[in-house]
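Worth saying up front: this structure is predicted, and the values here are computed from it rather than measured. Reckoned from all heavy atoms, side chains included, excluding hydrogens, waters and symmetry mates.
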Amino acid sequence: VAVDAGSALPMAAPYTAGDRTLGITREDLRGVAQEDSLGARGRIERAALLEAQRTLAHDSMEGRRTGTTGNERARRFLVEAFDRAGFQVVGGERSHPFTVTPRGGGEPLEGMNIIGLVPGTVHPERYLVVTAHYDHLGIRDGEIYNGADDNASGTAAILNLGRWLRANPPRHSVLLVAFDAEEMGLQGARAFIADPPVPLDRVVMNLNLDMVSRNEADELYAAGTYHY
């Protein structure tokens, strides 16, 4: 998306989060705004977004519940898609396993986060983390809960955003993370924080995409973390 910084960013001072300097300056943002234009960089194709979303929401994925065969199929699709897109692996592995504790008890399950990297051209040591969960509710009372919006939409978005970034290299490195076990209590995200693939003090920000495929007013909402 093209941004017109204009005079709204008059100072060359670093942004901060609490007492931690993030290292992005207003000059950085002004430079991006001056250099980039939507026409020059192209667009993410609607057809590619819908193709990935339809695949993840297909009945064959059986609702993608963590620990099921359908979830494993979705995982294999994402690993292959990340590989084909040319995203770099992090920590020597595409798939990052973790233990899932089911709500209400039961035997532990294996969850799997899928991670890809698009390295930055100016600040490769700083990371923007773009995330979406790919799991959903599975089959309940014989009915498949396909989860097309929640959250095949966000997962398709990070996949295609990564493809776009490969063609239009970013200044900062971008980690693309497909989380598992969100529906079981954000366990994929918690596993990422507990065992991060890159140092957390190198992470500038996290953008999480969830349920982005439909809105009657054609709007997307951006919210901070104040709820939590």
When hydrophobic residues are tied together by side-chain contacts of less than 4.5 Å, even through go-betweens, does [X] share a cluster with [Y]?
X      : Y      : answer
Val203 : Val89  : no
Ile114 : Met184 : no
Leu49  : Phe87  : yes
Leu207 : Ile158 : yes
Met112 : Val100 : no

With rounding to the nearest 0.5 Å, note down the distance linking [atom1] in [X] to [atom2] in [Y].
X      : Y      : atom1 : atom2 : value
Leu137 : Thr68  : CG    : OG1   : 11.0 Å
Glu45  : Leu50  : CD    : CG    : 11.0 Å
Asn113 : Glu182 : CG    : CD    : 11.5 Å
Glu125 : His172 : CD    : NE2   : 7.5 Å
Phe179 : Thr131 : CZ    : OG1   : 5.0 Å
Thr155 : Phe77  : OG1   : CZ    : 9.5 Å

By the definition side chain to side chain donor-acceptor pair (under 3.5 Å), identify the one residue from Thr66, Asp180, Asp150 that meets it with His133.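 For His133, the side chain to side chain donor-acceptor pair (under 3.5 Å) test succeeds with only one of Thr66, Asp180, Asp150, which is Asp150.
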
Determine whether Asn71 and Tyr134 make a side-chain contact, defined as any pair of heavy atoms from C-beta on separated by less than 4.5 Å. yes

Could you check whether any side-chain heavy atom of Pro170 comes within less than 4.5 Å of a side-chain heavy atom of Leu128, counting everything from C-beta outward?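 They are not in contact (no side-chain heavy atoms under 4.5 Å apart), so the answer is no.
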
To check you understand the geometry: which heavy-atom pair defines the closest contact between [X] and [Y], and what is its length?
X      : Y      : result
Gly162 : Leu176 : CA-CD1, 3.5 Å
Leu56  : Ala156 : CD1-N, 4.4 Å
Ala148 : Gln53  : O-NE2, 2.8 Å
Val198 : Tyr127 : CG1-CZ, 3.7 Å
Phe98  : Gly188 : CZ-CA, 3.4 Å
Pro97  : Ser95  : CD-O, 3.6 Å

Donor-acceptor pair, distance only, cut-off 3.5 Å: does the side chain of [X] make one with the backbone of [Y]?
X      : Y      : value
Arg64  : Asn146 : yes
Arg163 : Phe82  : no
Ser173 : Pro124 : yes
His96  : Val90  : yes
Asn215 : Leu220 : no
Arg190 : Gly185 : yes
Arg65  : Asp135 : no
Ser153 : Val212 : yes
Asp210 : Asn151 : no

Do other residues, nucleotides or ligands put more than 12 heavy atoms under 6.0 Å from [X] [atom1]?
X      : atom1 : result
Glu110 : CD    : yes
Arg166 : CZ    : no
Glu216 : CD    : no
Asp195 : CG    : no

In plain terms, say whether Arg76 and Glu80 are close enough for a salt bridge, that is, a side-chain N and a carboxylate O under 4.0 Å apart. no

Does this structure show an ion pair linking Arg73 with Glu62, if we count only N-O contacts that are shorter than 4.0 Å? yes

